[in-house]
Protein chains: 2
Amino acid sequence: MGASKTDLFTKQQNDLALMAKALAHPARIAILQYLVKKNACVCGDLVEELGLAQATTSQHLKELKSAGIIQGNIEGASVCYCIDPKVWKQYQSIFTTFFKDVNIDKSCC
Amino acid sequence: MGASKTDLFTKQQNDLALMAKALAHPARIAILQYLVKKNACVCGDLVEELGLAQATTSQHLKELKSAGIIQGNIEGASVCYCIDPKVWKQYQSIFTTFFKDVNIDKSCC
DNA sequence: GTATTCTATCGTAATATTGCGATGTGTTAA
DNA sequence: TTAACACATCGCAATATTACGATAGAATAC
């Protein structure tokens, strides 16, 4: 099949899985870290930074954009990408909540 | 290709991506949430709980186990799965760190 | 012993992801 | 206008993921 059976799960579970999927590639992690580090907009030097082909880099940017976590603004000939702080904060909050409520002491089996 | 070019990225980036990948499916989120909720070991009732075939459920459990975030202990005829609190804490810490250091105020472009 | 239960694994099919060259579109430079 | 750049998208190939039925192994029930 290859397609996830999303109808079996809650919206919350599907959403969290989608967020995780957006982060589930080292190139996308690298892009986000780079954008965070520069703390400002960066454009095509991501291609150089990553070492991936331009087409591949563009594809990863597209996925991050469709996940909402980055924005792209056209700036002349080039495009300026940056973290969307609002969505970033949502991610932060949702992952934090997910990991929080576990009783760490209970040993098991 | 389909295979990620892991050699282009740092171990830290690859590791984080692998952790995210472990969470990148609603069934695996559901499994983890169920294990956290029950706060004790659960076995084959995950199959009922999820609504996926037994083989599929077993496969997701295997992925979570190979990601280290859950453990399985044989208990008679059945297997008892539970969160590995130590690894869970690591995940928590790594995701928290990842999301922390962004300057939320800087608007962009 | 045999039958039953529980889980893992194999094999297979459908679909998704990753990666890149080639191409297209829009923008600046000449 | 033409040339050069910056990105996005298309098309394709290689690989990975998801899902399930069938089967195998190990433990319990009888």
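FYI, side chains are in, hydrogens and waters are out, and symmetry mates aren't considered; it's all heavy atoms of this structure. Numbers restart at 1 for each chain; the letters A, B, ... are given by sequence-line order, proteins then strands.
A heavy-atom distance below 4.0 Å to DNA chain D is reached by none of the residues of residues 5-18 of chain B.
Here the C1' atom of nucleotide C/dT18 and the CD1 atom of A/Ile31 are 13 Å apart, to the nearest Å. The interatomic distance linking B/His25 (NE2) with D/dA16 (C1') rounds to 13 Å, in whole Å. The interatomic distance linking A/Arg28 (CZ) with C/dA16 (P) rounds to 15 Å, in whole Å. In this structure, B/Leu50 atom CG and D/dC20 atom C1' are separated by 15 Å, rounded to whole Å. Computed from coordinates, the B/Leu52 CG to D/dG21 C1' distance equals 14 Å when rounded to whole Å. Between B/Asn73 atom CG and D/dA26 atom P there is a gap of 18 Å when expressed in whole angstrom units. In this structure, CG of B/Leu23 is placed 12 Å from P of D/dT18, rounded to the nearest angstrom. Remark: C1' of D/dA8 and CG of A/Leu46 are 15 Å apart, rounded to the nearest angstrom.
For A/Ala22 against A/Arg28, the heavy-atom pair with the smallest separation is O-NE, 2.8 Å.
In this structure, A/Ala53 reaches the sugar-phosphate backbone alone: every heavy-atom distance under 4.0 Å involves primed, P, OP1 or OP2 atoms, never a base.
To the nearest 0.5 Å, atom CD1 of residue A/Ile31 and atom CG of residue A/Leu23 are 11.5 Å apart.
Between the side chain of A/Gln54 and the base of D/dA6 there is no donor-acceptor pair of N/O atoms closer than 3.5 Å.
The shortest distance between the side-chain N/O atoms of B/His60 and the OP1/OP2 oxygens of D/dA19 is below 4.0 Å. The side chain of A/Thr56 places an N or O atom within less than 4.0 Å of a non-bridging phosphate oxygen (OP1 or OP2) of C/dC20.
Summary of the strand contacts: A/Lys21 and B/Leu61 both lie near DNA chain C, and taking for each the nucleotide with the nearest heavy atom, the more 5' one is attributed to B/Leu61.
Between A/Phe95 and A/Leu16, some side-chain heavy-atom pair lies under the 4.5 Å cut-off. Side-chain contact between A/Leu32 and A/Ile70: present, with at least one pair of heavy atoms (C-beta onward) separated by less than 4.5 Å.
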